[in-house]
Amino acid sequence: MNQVRNIEIDNTSMPRRSSNDEYLTTVEAARALGVSVRTVQLWVEANRLSAWKTAGGHRRIARASVDAMLAARGEHAPGIAPGPRSILVVENDPMLRDLYQAALNAWFPEATVQTTDNGCDAALLLGSQRPDLLITDIHMPGVDGLELLRRAVDTLQPAPRVVVVSTATDGEIDALGGVPPGVRLLAKPADALKLKATTSELLGLQAA
């Protein structure tokens with residue numbers, strides 16, 4: 001297989017991501033290729049995938065190079081597999097947890113919605129159920145929310161789409177190490193319309 005050359009571009013000539021999504025985050029590329037985020041990073045460093053870095057130091061992978069690798073394997077870039085979707089909500093506030101479940105069930109009646117109030121149970125459910133979408137807070141009992149989503153993104157294949165709903169500010173989240181690329185952040189309490197639009201987009205479904 002011919003290797004695709006790695007592209008290093010300075011910020012002044014950095015290409016913009018178009019509406020056709022010519023560039024993927026590392027997480028998106030890993031999901032498309034069915035490998036870990038670390039594997040994608042290694043392939044970039046080995047010039048097997050074409051990539052550049054944003055001003056913040058995040059890699060953006062050329063979709064064409066991902067498609068070329070998939071084509072060489074006789075595959076096509078997957079989204080979420082066809083069929084019913086599964087959603088895991090991690091929220092220790094019982095009222096919010098019930099509201100999330102009721103809203104998600106109404107928006108996506110064919111989806112399976114599971115909830116838990118702590119990170120330890122969530123980690124077990126992630127490993128056994130492999131949900132398509134994870135909605136989690138950051139501060140909660142058991143495993144910390146940021147640790148939980150990093151585990152999900154780095155170890156599960158395909159990795160779930162992730163939405164973080166938190167009262168923490170961007171600065172506080174950055175101080176804790178930040179979130180992996182591709183994770184969506186919503187302020188808590190989440191605006192219903194924003195949550196509906198975000199979950200609909202990530203699941204690839206039209207909400208009711």
Side-chain angles (χ1 to χ4, degrees), residues 25 27-28 30-32 34 36-37 78-208:
T25 66
V27 172
E28 290 168 340
R31 184 180 297 124
S36 69
V37 170
I80 296 178
R85 308 293 194 258
S86 57
I87 306 168
L88 174 61
V89 177
V90 189
E91 172 55 61
N92 64 317
D93 183 316
M95 182 176 294
L96 281 177
R97 191 168 61 249
D98 289 346
L99 285 173
Y100 287 147
Q101 184 164 30
L104 292 164
N105 281 331
W107 296 337
F108 312 110
E110 295 183 1
T112 300
V113 181
Q114 292 182 290
T115 66
T116 183
D117 61 359
N118 66 87
C120 292
D121 287 347
L124 293 175
L125 287 170
L126 281 170
S128 62
Q129 303 299 320
R130 302 294 179 96
D132 298 306
L133 177 66
L134 169 65
I135 301 174
T136 183
D137 196 353
I138 290 177
H139 303 298
M140 59 185 174
V143 178
D144 179 81
L146 285 176
E147 181 182 352
L148 177 71
L149 69 91
R150 288 175 190 140
R151 287 185 188 180
V153 169
D154 290 342
T155 63
L156 297 181
Q157 298 302 329
R161 275 68 167 171
V162 181
V163 180
V164 170
V165 184
S166 177
T167 58
T169 65
D170 290 345
E172 290 170 338
I173 293 174
D174 289 341
L176 293 171
V179 298
V183 171
R184 302 295 184 88
L185 293 171
L186 295 178
K188 188 178 181 179
D191 177 85
L193 291 179
K194 287 183 179 179
L195 181 61
K196 182 178 182 180
T198 301
T199 53
S200 178
E201 176 189 348
L202 293 177
L203 288 171
L205 296 174
Q206 183 174 354

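All values below come from the heavy atoms of this structure, side chains included, with hydrogens, waters and symmetry mates left out.
Asn92 places no side-chain N or O within donor-acceptor distance of the main-chain N or O of Asn118, the cut-off being under 3.5 Å.
Between Thr112 and Gln129 the shortest side-chain heavy-atom distance does not fall below 4.5 Å. Between Asp191 and Leu186 there is no side-chain heavy-atom pair separated by less than 4.5 Å. Under the 4.5 Å side-chain criterion, counting only non-hydrogen atoms from C-beta, Leu124 is not in contact with Thr116. Counting heavy atoms from C-beta outward, Glu91 and Tyr100 have side chains that approach closer than 4.5 Å. Side-chain contact between Arg161 and Arg31 is present, with heavy atoms from C-beta onward closer than 4.5 Å. You'll find the side chain of Ile87 stays beyond 4.5 Å of the side chain of Pro131, heavy atoms only. With contacts defined as side-chain heavy-atom distances shorter than 4.5 Å, the pair Arg85/Leu133 does not qualify. Side-chain contact check for Asp137 versus Asp93: every heavy-atom pair is 4.5 Å or farther apart.
Here CG of Leu134 is found 10.5 Å from OG of Ser86. Values are rounded to the nearest 0.5 Å. From Thr115, atom OG1 reaches atom CD1 of Ile135 across 11.0 Å, with rounding to the nearest 0.5 Å. To the nearest 0.5 angstrom, Leu202 atom CG is 4.5 Å from Arg184 atom CZ. Taking CG from Leu104 and OG from Ser200, the interatomic distance works out to 11.0 Å, rounded to the nearest 0.5 Å.
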Next item on the list: Given side chain to side chain contact (heavy atoms under 4.5 Å, CB included), test Val89 with Gln101 step by step and report yes or no.
Entry: CA-CA 8 Å; Val89 177; Gln101 184 164 30; over 6 Å; no
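Of all heavy-atom pairs spanning Thr25 and Glu28, the tightest one is N-OE1, 2.9 Å. The shortest non-hydrogen separation linking Ala111 to Asn105 is O-OD1, 4.5 Å.
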